[in-house]
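Report on the following structure.
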Amino acid sequence: MLAYSSGNFGKALVFSGADLTILFLLTDVLGLSGARAAGLMLFAVMGDLVFDLAAARMVLRGRAAGRGYRWMVALAAVPCGAAFALIYAMPALGLHWPWMLAAAILIFRGAYAVVDVPHNALMARVSRDSRARGRVSGYRLFFSTASALLIAAVLTPTVQQAGRAGQFDALAVTGIAVGAAFAVTMLLCVWASGRRDGGGGADALRGDRIAVPLRDPMVLGMGALALLTGFAMPCFGRMLIYLGGYVVGRPASVPALLGAMTAGQFVGVIAFTALSHRFDKARLLVVGHAVSAGGLLCFALSLAWPPGQLASAALAGVGFASVFMLPWGLLADAVDVVEWRHDRRFETGLFAFYLVLVKASGAASTAMIGWVLYRIGYVPDTVQPPVVRAAMVALGLGVPMAGAMLAIWLLRHFTLGHARHARLLSALARRQAGADPVSGLKRGLDGSSGEGDTLAGGTALSAQARHSMSRSIAAPAAARS
């Protein structure tokens, strides 16, 4: 589990590093207007829609040929790291043309998709136990948070210095070092993470395909959660450079704020990983969104008080640990739910579906920020008027707070807990063994009481056939009546 999760150190190093700094790189280092920067990120959205699905198709073909997830990760690790290094070396190379930037960003995101899809899909193979998946989610975020320390301490201040003092050579060296660290990390991850990698020919695919059942309530719910997780919640981190430099008026405070948020994430990782064994992941995710919203509110009230900003960023980081950690465990459980309903595994397809929405919504969020900054008259490296500062506060604090409230409302519909998931796995095993899965699942549920008599949506169980049973798993709350 730890060897597999270590891959998140490398992935977060390049993807989160680019996510936090790419807009500032485009506007303040390369001198693009907010509108052009937004256009480039919208172009990246279109790329993500293609790249993740194409990567999923490559994974399925590789698995059918006996090449598992780990093989695909190793294949794309070096090209992805090289593309990342190229983006941050472009100012030093004098490559400022928008089409060159667009090409470099697309190459990077395309290669990253070939790494990201199989690595995330491998999570469903590492363990099938719901509690263990909660721990794996925690391990993954622990490594991601460790990389966030490097982003806060090295990459972010280097990008800031490049924007203020034109230190392009240092930026290029940093980009090359980060790209190399990513490639080495991913290669070590696939070497050390064992042989359970989703290969083994057509029999191991169990009906896995890209065209996931979009009308399934569990698929719709995970899709909505992906949009909120990718679009709204990271806005705080994306806007910290602008908030620290123009709203608070202390550019040097940005690494400290990122460090405080990262320290809070470490605390959150430890706490939520420990709690995931006892409490259902959806309930812990609700708590995480509430904590993050509280931290953001405190930050908004502390704009004139630096110690309060650090404490608020740390509190928000505690909540972000749950927000960015637990959806992956829910997604792995969703694979099992959808397999029960449709007699197909949809393992690669569901992870690709979730990744498309998360990354595309994240790029759309960055494009939205760039477009808003352009429309309100943002000019880099100048004192900003009150309307611009107010817009920055709304983008960096208001958007993620609204996203947290929507996610809490959405998560009321996720009621597939540890016990129900264990009974579901037992029923799947009986089905694969040729026994009657419906009666086995019903017997397991009859032994519980109250809420335990329903599955993930409150629909009452009956002794009907498989179709009726399937509809009771993860059904929407509207079906409770």
Side chains of Tyr242 and Tyr378, donor plus acceptor under 3.5 Å: no

- request: Give a yes-or-no answer on whether the side chains of Tyr88 and Thr21 include a donor-acceptor pair shorter than 3.5 Å.
  value: yes

Which heavy atom in [X] sits nearest to a heavy atom in [Y], and how many Å separate them?
X	Y	value
Thr262	Ala148	OG1-CB, 3.7 Å
Val399	Ala232	O-CB, 3.8 Å
Thr185	Ser6	CG2-O, 3.5 Å
Leu214	Val219	CA-CG1, 4.2 Å
Leu227	Ser361	O-OG, 3.7 Å

Looking only at the aromatic ring of each residue, does the gap between the centers of [Y] and [X] stay below 6.0 angstrom?
X	Y	value
Phe353	Phe346	no
Phe143	Tyr139	no
Tyr4	His119	yes
Phe182	Phe84	no

message: Please verify the inter-ring angle class for Phe15 with Tyr112; under 30° counts as parallel, over 60° as perpendicular, anything in between as tilted.
response: parallel

task: If the plane angle is over 60° it's perpendicular, under 30° parallel, otherwise tilted; pick one for Phe266 and Phe142.
output: perpendicular

